[in-house]
Amino acid sequence: MTQPFAPLANDRFLRALRRQPVDHTPVWIMRQAGRYLPEYRATRARAGSFLKLCKTPELACEVTMQPLARFPLDAAILFSDILTVPDAMGLGLYFAEGEGPKFERTIRSRADIDALKLPDVGSDLRYVTDAVTLIRRELGGKVPLIGFSGSPWTLACYMIEGGGSDHFEHAKALLWDDPEAAHRLLDLIARAVTDYLSAQIQAGAQAVMVFDTWGGALSIGHYREFSLRYLQQIAANLPRQHNGEQVPLILFSKGCAHSLEAMADTGADALGLDWTIELGEARRRVGDRVALQGNIDPVVLYASEAAIVQEATRAIQSFGNHPGHVFNLGHGIHPAIQPHKLKLLIDTVHSESRKVFGTR
């Protein structure tokens, strides 16, 4: 019989996602386990490669826990990569030095799409779910654990281009030239993502997030047809109850504030925001339909300590004394950031939100 996980000592993150009162605004940071930490760089060197780091549950657990030892964070996020799903679909993920992720095979035709199969999450992605369970046990109830996936559109971009791209010319051309094939591909990826997130929940993830990193590369019409549609499909089909507990779903479409109300109607529990919209404006637009996560520009962490305090305070005051806010950057923390500046940001969010909530 599986041993139960430890009860949560700090549930502020989950309470905020459920739009329940908290004593201070919870904080976690996208890419909080990463290259800006010297201990991460040491573990990465010991692993020998980024993929080895991702695919070894004990190492993934180690780096997931590292930022929690340094900072008073209110959530942990699984250390992995969004491209695990297309890798499990047989495209052959590898990382070229200085060039980022690449795939040995690309998806450029209907025949390529028809040849794709849903991955067997229980075997092809077992290393991820094993890491989730190991991390959850290692956390010992200190804070909740977040699982995640890339969005169908974002994963399709990498699968079609074969790696990163400035313009996504092949992916976008498919939407115009063969929309039926594009929908077939995106539907397949959406089903794979749903299975993948469901497996993470079964393994112990207490919230899950979908990263639509390249949603903002699309026109509004194409965003709604080829990205938002599949985020809604995931929200509709993902089981969000496990062992009697609600497992919140966060959707993050970078650069897509134009469709905030439509995103709030997907059925997700929370929306991630980048820095191109004020928190207060976003809250007014979505009302009490969803919680909000975000959202200051990560580049502020290169600025002075006074600027960091000012930006964090402005964000907290913009959202105001309302439930339903999880603080985060508007995108991932940069590798060159000094860790003490992140500590200052987290401490400021906690202290300033206590003032707003009257819980000092």
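These figures come from a predicted structure and were not determined experimentally. Values below: all heavy atoms of this structure, side chains included; hydrogens, waters and symmetry mates excluded.
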**OP:** Tell me yes or no: between the side chains of S165 and Y158, is some donor less than 3.5 Å from an acceptor?
**Re:** no
Original post:
So H183 and Y230, would you call those rings parallel, tilted or perpendicular, with 30° and 60° as cut-offs?
Top reply: tilted
**OP:** Show your working on salt bridge (Lys or Arg N to Asp or Glu O under 4.0 Å) between R110 and E180 and close with a plain yes or no.
**Re:** CA-CA 9 Å; R110 284 194 173 214; E180 182 184 342; 3.5 Å; yes
Original post:
If you measure from the Lys or Arg side-chain nitrogens to the Asp or Glu carboxylate oxygens, is any gap between E278 and R283 under 4.0 Å?
Top reply: no
Original post:
Between P86 and M159, is any pair of side-chain heavy atoms under 4.5 Å apart?
Top reply: yes
Original post:
Any salt bridge between D124 and K117, counting N to O under 4.0 Å?
Top reply: no
Original post:
Between K102 and E161, is there a side-chain N and carboxylate O pair less than 4.0 Å apart?
Top reply: no
Original post:
Does a side-chain heavy-atom distance below 4.5 Å link W28 with N328?
Top reply: yes
Subject >> Short side-chain donor-acceptor distance under 3.5 Å, H334 and Y302 >> reply: yes
**OP:** Give the ring-plane orientation class for W214 versus F168, where under 30° counts as parallel, over 60° as perpendicular and anything between as tilted.
**Re:** tilted
Original post:
Should the heavy atoms of other residues, nucleotides or ligands under 6.0 Å from CZ of R289 be counted, would the total exceed 12?
Top reply: yes
**OP:** Give a yes or no on whether the backbone of H222 and the side-chain of S219 come within a donor-acceptor separation of less than 3.5 Å.
**Re:** yes
**OP:** Assign the ring pair F252 / H331 to parallel, tilted or perpendicular, where the plane angle (0 to 90°) is split at 30° and 60°.
**Re:** tilted
Subject >> Residues Q246 and D269: side-chain donor-acceptor under 3.5 angstrom >> reply: yes
Original post:
With no hydrogens and no angle check, do the side chains of S198 and D195 hold a donor and an acceptor under 3.5 Å apart?
Top reply: no
Original post:
Taking the side chain as C-beta and beyond, is there a heavy-atom pair between T266 and I234 under 4.5 Å?
Top reply: no
**OP:** Please report the closest heavy-atom contact between L8 and P144, naming both atoms and the distance.
**Re:** CD2-N, 3.5 Å
Original post:
Any donor and acceptor pair, going by atom type alone, linking the side chain of D178 with main-chain N or O of L174 inside 3.5 Å?
Top reply: no
**OP:** Measure across A205 and V132 and return the closest heavy-atom pair with its distance rounded to 0.1 Å.
**Re:** N-CG1, 3.5 Å
**OP:** Kindly determine whether D288 and R19 satisfy salt bridge (Lys or Arg N to Asp or Glu O under 4.0 Å), including the steps that lead there.
**Re:** CA-CA 8 Å; D288 62 357; R19 302 185 302 285; 5.9 Å; no
**OP:** Please determine, by modelled atom types, if N10 and D74 share a side-chain donor-acceptor pair under 3.5 angstrom.
**Re:** yes
Subject >> Flag if over 12 foreign heavy atoms under 6.0 Å of CD, Q310 >> reply: no
Subject >> Exceeds 12 heavy-atom contacts within 6.0 angstrom, atom NE2 of H167 >> reply: no
Original post:
Are the aromatic rings of F319 and F327 close, with centres under 6.0 Å apart?
Top reply: no
Subject >> Flag for D212-S227: side-chain donor and acceptor within less than 3.5 Å >> reply: yes
Subject >> Single-linkage hydrophobic cluster, 4.5 Å side-chain cutoff, W275 and I29 together >> reply: no
Original post:
Which pair of heavy atoms, one from H350 and one from T25, lies closest together, and at what distance?
Top reply: CD2-O, 3.4 Å
